[in-house]
Colleague: 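Let me begin by handing over the structure; questions about it come next.
Starting from 1, each residue takes its place in the sequence as its number. Atom set for the values below is all heavy atoms of this structure, side chains included, hydrogens, waters and symmetry mates excluded.
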Amino acid sequence: MGNMFYRLLSAAACTCAAMLAACSGAGTAEESGDDGRQTIHNTVFGIIADDYRLEHNEIKPGETLGAILGRYGISAADVDQLDRKSKDIFPLRNIRAGQSYTAFIHEDSLNAPHIDHFVYERNATEYVVFSFVGDSVSIVPGAREIRLERRKSTALIESSLWGAIMKENLSYALAAELEDIYQWSVDFAGIKKGDSFTVIYDEKYVDTVKVGIGRVWGAKFTHDGRDYYAIPFKQNGKISYWEYDGGSLRKQLLKAPLKYTRISSRFSNARLHPVHKVYRPHHGVDYAAPKGTPVHAVADGTVVFRGWGGGGGNTIKIKHPGNLMTGYLHLSGFAKGIVQGARVSQGQLIGYVGSTGTSTGPHLDYRIWKNGTPINPLTVPQEPAEPISKDNRQAFEYVRDMVAAEIEGNVDDSRRIMQLDSIVVPPDYMNPEESSARPAETPAQ
């Protein structure tokens, strides 16, 4: 049975049932017969499928694997055995509605159908083969071959990052990656018409179907007239993204505590209160967002208050190094483990957007205090993390110049950065310290 599974690695396959006929993970395998001739086999998910009838379908809401297998004649005892064997590989309870599956069926001498293999597609690239051959039951995980294609995409923003991604028909995963990379530097709620970005990345394909993106090899985000570069480089054993001058893109505070928002009210010493209709200070920034939107801690710290804050409704206050404290008001609820005295890390989920307290609709009122004095969250000074070290400076600047050249124009493969584990600086490379020209003005040659 093992030889049956592993004669060939699985070929690419689609996950949508409607496309299975065209992208069913089928491939070919060759083997030599006794006469030396090559025999061509049809393989699907690594299984030689020459003598099988294949049935493709999707898991329906409320269906269990036991119920599906029962329809194919698999006994309750075999399903129970499968359940026990699969616990450490792929628990059967992880089956999800909407996912595709393929049944490998053969007819015996009396034309009675029997199932030998059942393949459940976990996602666009991973699958699990459940097999019933003779008296044995087995579970074998598998993965389709992924092909990477390097891409460079540029987009002009009219309203939002996600809007630009949709307009250019780019992967939504690319928007998420850009938000993760620039979350300390760009306030995506403050994006302006005319902002733009260029990004170099690997696009993942299974056969001809896009299934996501791989590494981002560099980016330039132009926001409010300023260019924000993101240069990948490995330092202290970790690949991170760095500014053009070698400063870390990672800062002391996230630019905003939530995503997919717009600013509905800004920091002010005299704002007309939307409920009380009087002018009073509003020492925070209101982010309008749907109820339930996740709220994250903007920096490492300790929860000093978690509870009802009067007009602020459900409130969390977190104390951070440098005599800073942040506040998150009008929450609909708190994340698990968020209690007074709890330690939180930057980016950790702490609560959810709501409209508790004195509020006209769902939003987050986000506040910062420095030494007890409220400051504008949109203009708070940012302290960067550790910059590129002196020992890594030349290698970083070489990577930066190659990435910037690719961002600014077209370069051949020999000048592209293709790996970050062992950077070798060419002997003829001119150290950029000898020239202060930025790449937009003088791309590296």
Colleague: For Phe334, check ring-ring contact (aromatic ring centres under 6.0 Å, His included) against everything at least two apart and list the hits.
Modeller: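 If we apply the ring-ring contact (aromatic ring centres under 6.0 Å, His included) test to Phe334, skipping adjacent residues, there are no hits.
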Colleague: Can you list everything that forms a side chain to side chain donor-acceptor pair (under 3.5 Å) with Ser240? Sequence neighbours excluded, please.
Modeller: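 Ser240: no side chain to side chain donor-acceptor pair (under 3.5 Å) contacts found.
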Colleague: With side-chain contact (heavy atoms from CB on, under 4.5 Å) as the test, would you mind laying out the steps for Thr64 and Ile95 before giving the verdict?
Modeller: CA-CA 7 Å; Thr64 65; Ile95 297 284; over 6 Å; no
Colleague: According to salt bridge (charged side-chain N to carboxylate O under 4.0 Å, His left out), who are the partners of Arg84, at least two apart in sequence or on a separate chain?
Modeller: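 Partners of Arg84 under the salt bridge (charged side-chain N to carboxylate O under 4.0 Å, His left out) test: Asp80.
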Colleague: Could you tell me whether Phe233 and Phe396 have their ring centroids closer than 6.0 angstrom?
Modeller: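 Ring centres of Phe396 and Phe233 closer than 6.0 Å.
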Colleague: Give the minimum heavy-atom separation between Val129 and Phe45, together with the two atoms involved.
Modeller: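 Minimum heavy-atom separation between Val129 and Phe45: CG2-O, 4.5 Å.
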Colleague: Does the side-chain contact (heavy atoms from CB on, under 4.5 Å) test come out yes or no for Val128 and Val140, once each step is laid out?
Modeller: CA-CA 6 Å; Val128 184; Val140 178; over 6 Å; no
Colleague: Got a salt bridge between Arg416 and Asp413, using NZ or NE/NH1/NH2 to carboxylate O under 4.0 Å?
Modeller: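 Between Asp413 and Arg416 there is a salt bridge, with a charged N closer than 4.0 Å to a carboxylate O.
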Colleague: Which pairs would a plain distance check flag for residues 65-79, meaning a side-chain donor or acceptor within less than 3.5 Å of a matching protein atom at least two apart in sequence or in another chain?
Modeller:
from	atom 1	to	atom 2	distance (Å)
Arg71	NH1	Glu63	OE2	3.2
Arg71	NH2	Glu63	OE2	3.0
Tyr72	OH	Glu55	OE1	2.8
Ser75	OG	Asp78	N	3.1

Colleague: Charged N to carboxylate O below 4.0 Å: is that the case for Lys152 and Glu406?
Modeller: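 No, Lys152 and Glu406 are not salt-bridged.
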Colleague: Just wondering, do Ile213 and Lys204 contact through their side chains at under 4.5 Å, heavy atoms?
Modeller: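 When only atoms from C-beta onward are counted, Ile213 and Lys204 do not touch, as no gap falls below 4.5 Å.
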Colleague: Assess the residue pair Arg151 and Glu203 against the criterion (salt bridge (charged side-chain N to carboxylate O under 4.0 Å, His left out)); give the C-alpha distance rounded to whole Å, side-chain angles, the decisive distance to 0.1 Å, and a yes or no.
Modeller: CA-CA 7 Å; Arg151 293 276 185 261; Glu203 187 126 55; 3.7 Å; yes
Colleague: With ring-ring contact (aromatic ring centres under 6.0 Å, His included) as the criterion, how do Tyr127 and Tyr101 come out once you've worked through the C-alpha distance, each side chain's angles and the decisive distance to 0.1 Å?
Modeller: CA-CA 9 Å; Tyr127 58 87; Tyr101 67 81; over 10 Å; no
Colleague: Going by side-chain hydrogen bond (donor to acceptor under 3.5 Å, both in side chains), name the pairs with one or both residues in residues 305-324, residues two or more places apart or in two chains.
Modeller: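 Matches after skipping sequence neighbours: His320-Thr326, Asn323-Asn371.
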Colleague: Would you call the rings of His363 and His330 parallel, tilted or perpendicular, where under 30° means parallel and over 60° means perpendicular?
Modeller: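 Ring orientation of His363 relative to His330: tilted.
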Colleague: Please list, chain by chain and in numerical order, all residues satisfying salt bridge (charged side-chain N to carboxylate O under 4.0 Å, His left out) with Asp180, sequence neighbours excluded.
Modeller: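 Once residues adjacent in sequence are excluded, the partners of Asp180 under the salt bridge (charged side-chain N to carboxylate O under 4.0 Å, His left out) criterion are Lys259.
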Colleague: Do the charged groups of Glu58 and Arg96 touch, with an N to O distance under 4.0 Å?
Modeller: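 Answer for the salt bridge query: no.
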Colleague: Do other residues, nucleotides or ligands put more than 12 heavy atoms under 6.0 Å from Lys85 NZ?
Modeller: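 Check passes, neighbour count above 12.
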Colleague: Sequence neighbours left out, what passes ring-ring contact (aromatic ring centres under 6.0 Å, His included) with Tyr352? Give chain and number order.
Modeller: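 Testing Tyr352 for ring-ring contact (aromatic ring centres under 6.0 Å, His included), a comparison that skips the adjacent residues, returns none.
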Colleague: Any idea how Phe221 and Phe188 line up, ring-wise: parallel (<30°), tilted (30 to 60°), or perpendicular (>60°)?
Modeller: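 The rings of Phe221 and Phe188 stand perpendicular, inter-plane angle above 60°.
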Colleague: Do Arg400's NZ or CZ and the ring of Tyr244 fall within the cation-pi criteria of under 6.0 Å and 45°?
Modeller: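 Yes, cation above the ring, under 6.0 Å and within 45°.
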Colleague: Should we say atom CG of Asp50 is surrounded by more than 12 heavy atoms from elsewhere, each under 6.0 Å from it?
Modeller: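 Counting neighbours around CG of Asp50, more than 12 heavy atoms of other residues, nucleotides or ligands fall under 6.0 Å, so yes.
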Colleague: Please set out all donor-acceptor pairs under 3.5 angstrom arising from side-chain atoms of residues 294-305, sequence neighbours excluded.
Modeller:
from	atom 1	to	atom 2	distance (Å)
His296	ND1	Gly347	O	3.0
Asp300	OD1	Gln346	N	2.6
Thr302	OG1	Arg343	NH1	3.0

Colleague: Going by an N to O cut-off under 4.0 Å, is there a salt bridge joining Lys251 and Glu243?
Modeller: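 Salt bridge present between Lys251 and Glu243.
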Colleague: Just verifying a value: how many Å separate Leu364 CG and Ser359 OG, rounded to the nearest 0.5 Å?
Modeller: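 It is 10.5 Å, given to the nearest 0.5 Å.
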Colleague: Taking side chain to side chain donor-acceptor pair (under 3.5 Å) as the definition, give me every residue that meets it alongside Trp217, ordered by chain and number, with sequence neighbours left out.
Modeller: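 Trp217: side chain to side chain donor-acceptor pair (under 3.5 Å) contacts with Asp202.
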Colleague: Please list all pairs meeting side-chain hydrogen bond (donor to acceptor under 3.5 Å, both in side chains) that have one or both residues in residues 331-342, counting only residues at least two apart or in different chains.
Modeller: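 side-chain hydrogen bond (donor to acceptor under 3.5 Å, both in side chains) check on residues 331-342 returns no pairs.
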Colleague: Grab the two heavy atoms, one from Trp242 and one from Glu386, that are nearest each other, plus how far apart they are.
Modeller: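 Closest approach of Trp242 to Glu386: CZ3-O, 3.2 Å.
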Colleague: For Lys192, look at atom NZ and say whether over 12 heavy atoms of other residues, nucleotides or ligands are found less than 6.0 Å away.
Modeller: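 It does not: Lys192 NZ has 12 such atoms or fewer within range.
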Colleague: For Tyr228, give me all partners under ring-ring contact (aromatic ring centres under 6.0 Å, His included), at least two apart in sequence or on another chain.
Modeller: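 Per chain and number, Tyr228 pairs via ring-ring contact (aromatic ring centres under 6.0 Å, His included) with no residue.
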Colleague: Are Glu408 and Lys220 within salt-bridge range, i.e. N to O under 4.0 Å?
Modeller: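 Answer for the salt bridge query: yes.
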Colleague: More than 12 foreign heavy atoms under 6.0 Å from CZ of Arg147: is that the case here?
Modeller: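 Correct, the count exceeds 12.
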Colleague: Output all residues satisfying salt bridge (charged side-chain N to carboxylate O under 4.0 Å, His left out) with Arg367, sequence neighbours left out; order by chain, then residue number.
Modeller: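 Residues passing salt bridge (charged side-chain N to carboxylate O under 4.0 Å, His left out) with Arg367: Asp365.
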Colleague: Do Phe130 and Val137 have side chains that get closer than 4.5 Å, going by heavy atoms?
Modeller: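 No, their side chains stay 4.5 Å or more apart.
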